[in-house]
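Notes follow the structure.
Per chain, numbering begins at 1; letters A, B, ... match sequence-line order. All values derive from a computational prediction rather than experimental measurement.
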Amino acid sequence: MPELPEVETIRVALEPLLVGRRIERTEILDERLTRPEPPAAVAQQLTGERVECVQRRGKYLLLRLESGRVLLVHLRMTGSFRSENSLHTRAVLELDDGTSVTYRDVRRFGTWLLLDEEDVDPYLTARLGDEPLERGFTLARLAGRRAPVKAAILDQRTVPGLGNIYADEALWRARVHPLRPAGSLDDEELARLRRGIRNALRAGIARQGATLSDYAAPDGTAGSMQREFKVYGRSGEPCDRCGTPIEKTRVAGRGTWFCPSCQS
DNA sequence: TTGGCGTCCTGGAGGC
DNA sequence: TGCCTCCAGGACGCCA
């Protein structure tokens with residue numbers, strides 16, 4: 001599931017493939033991908049454009065184009081880019097240097113949205129809070145919330161880019177139980193959680209993300225963060241900190257792993 | 001306004 | 001071996 005570290009890894013890998021290249025031909029094979037816009041209309045508008053830069057906001061990839069338009073890509077569960085053809089290809093960008101970049105998505109949840117420049121910020125600002133790795137990031141939105149802290153930090157307006165895996169890892173680092181009401185955390189716990197989120201995401205970026213099933217960088221390289229997981233997917237294994245077996249529960253409909261002893 | 005749940009979607013695992 | 005059911009989860013809409 002591409003979260004911030006995986007999307008950032010993809011962004012870095014896409015830059016040398018796309019930046020400065022003109023799109024000679026666009027093929028969109030899945031009509032869900034560009035809904036509500038018809039794929040043919042989006043393909044037509046992309047063709048002929050030159051890619052100026054590839055950016056990231058939360059889990060969104062932004063392909064800024066010569067015309068000022070921006071292609072907003074959300075990979076959701078299983079979306080990824082490849083520099084070679086692969087199974088479950090949903091779109092192909094053929095470039096002016098003879099190469100092509102393929103978009104694949106097994107579960108077809110991913111979305112491509114082509115926006116005018118002036119519409120990008122309002123679109124993202126309505127959905128995303130401050131970037132968690134930037135200096136100004138705070139957890140102020142947790143104040144007064146009764147929802148479980150795990151559900152609250154999965155809200156992209158609170159922590160853009162955080163998903164199920166890194167939420168569990170961050171809560172373990174912060175020694176905070178995932179079912180604690182978000183508004184019950186004191187200042188020290190909030191500071192620990194802020195550090196936990198940032199450190200978990202940084203660790204993920206440093207290891208080029210986590211490869212569990214589908215995720216890989218555009219050149220097919222797998223990430224290695226899954227080897228560093230402290231709780232995610234580790235039911236019954238001893239906690240690295242206290243040795244207590246890791247337990248699994250459900251929070252906000254998501255599988256949630258935690259240490260019942262040192263996360264309070 | 002908040003929180004919980006259903007929906008979309010497909011491949012893989014497990015049970016029979 | 002083949003069929004069936006369940007599970008995984010990001011974002012969004014709906015409802016209480």
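In this structure, the nucleotide among C:dG9, B:dG3, B:dT10 sitting nearest to the side chain of A:Val106 is B:dT10. The side chain of A:Arg254 lies closest to C:dG9 when the candidates are B:dG4, B:dG11, C:dG9. Set against B:dT2, B:dG4, B:dT10, the side chain of A:Pro148 has B:dG4 as its closest nucleotide. Relative to the side chain of A:Lys59, the nucleotides C:dA11, C:dA8, B:dG3 differ in distance, and C:dA11 lies closest.
Regarding contacts with the backbone of B:dG12, every side-chain N or O of A:Arg107 stays at 4.0 angstrom or more from both OP1 and OP2. Of the side-chain N and O atoms in A:Arg76, none sit less than 4.0 angstrom from OP1 or OP2 of C:dA11. Between A:His74 and the phosphate of C:dA11, there is a side-chain N or O to OP1/OP2 separation shorter than 4.0 Å. The side chain of A:Gln156 contributes an N or O atom lying less than 4.0 Å from OP1 or OP2 of C:dA11. Note on A:Tyr60: every side-chain N or O is 4.0 Å or more away from OP1 and OP2 of C:dG10. Distances shown here put a side-chain N or O of A:Lys248 below 4.0 Å from the OP1 or OP2 atom of C:dA8.
Within 4.0 Å of A:Arg250, counting heavy atoms only, lie sugar-phosphate atoms of the nucleic acid but no base atom. Within 4.0 Å of A:Tyr166, counting heavy atoms only, lies no atom of the nucleic acid at all.
Counted by atom type alone, A:Arg141 and A:Thr158 present one or more donor-acceptor pairs between their side chains at under 3.5 Å. Side-chain contact annotation: A:Thr26 with A:Thr47, donor-acceptor N/O pair under 3.5 Å present.
Residues of residues 112-127 of chain A having a heavy atom closer than 4.0 Å to DNA chain B: none are found.
In this structure, A:Asp168 contributes its side chain and A:Trp257 its backbone to a donor-acceptor pair below 3.5 Å. In terms of modelled atom types and a separation under 3.5 Å, the side chain of A:Asp30 and the main chain of A:Arg90 share no donor-acceptor contact. Between the side chain of A:Arg35 and the main chain of A:Glu31, no donor-acceptor pair closer than 3.5 Å is present.
Comparing A:Arg90 and A:Gly253 by the nucleotide of DNA chain B that holds the closest heavy atom to each, the one mapping nearer the 5' end is A:Gly253.
Per the geometry, CD belonging to A:Glu6 stands 13 Å off C1' belonging to C:dG9, to the nearest Å. The distance from atom CZ of A:Arg157 to atom C1' of B:dG3 is 12 Å, rounded to the nearest whole Å. What separates CG of A:Leu162 from P of C:dG9 is a distance of 13 Å, to the nearest Å. A straight line from CG of A:Leu72 to P of C:dC12 spans 11 Å, rounded to a whole angstrom. Look at CG on A:Leu33: it is 13 Å from P on B:dT10, rounded to the nearest Å. In this entry the distance linking CZ of A:Arg57 with P of C:dA11 reads 13 Å, nearest Å. Summarising the geometry, the separation between NZ on A:Lys150 and C1' on C:dG10 is reported as 12 Å, rounded to the nearest angstrom. Distance, A:Asp105 CG to B:dG11 C1': 13 Å, rounded to whole Å.
The salt bridge (Lys or Arg N to Asp or Glu O under 4.0 Å) test with A:Glu189 is passed by exactly one of A:Arg180, A:Arg175, A:Arg195: A:Arg180.
With centres under 5.5 Å and a plane angle under 30° as the test, the ring of A:Phe109 is not stacked against the base of C:dA11.
Contact detail for A:Tyr166 and A:Ala210: the closest heavy-atom pair is OH-N, 3.9 Å.
Close placement of the A:Tyr103 and A:Trp112 rings is indicated, their centers lying within 6.0 Å of each other.
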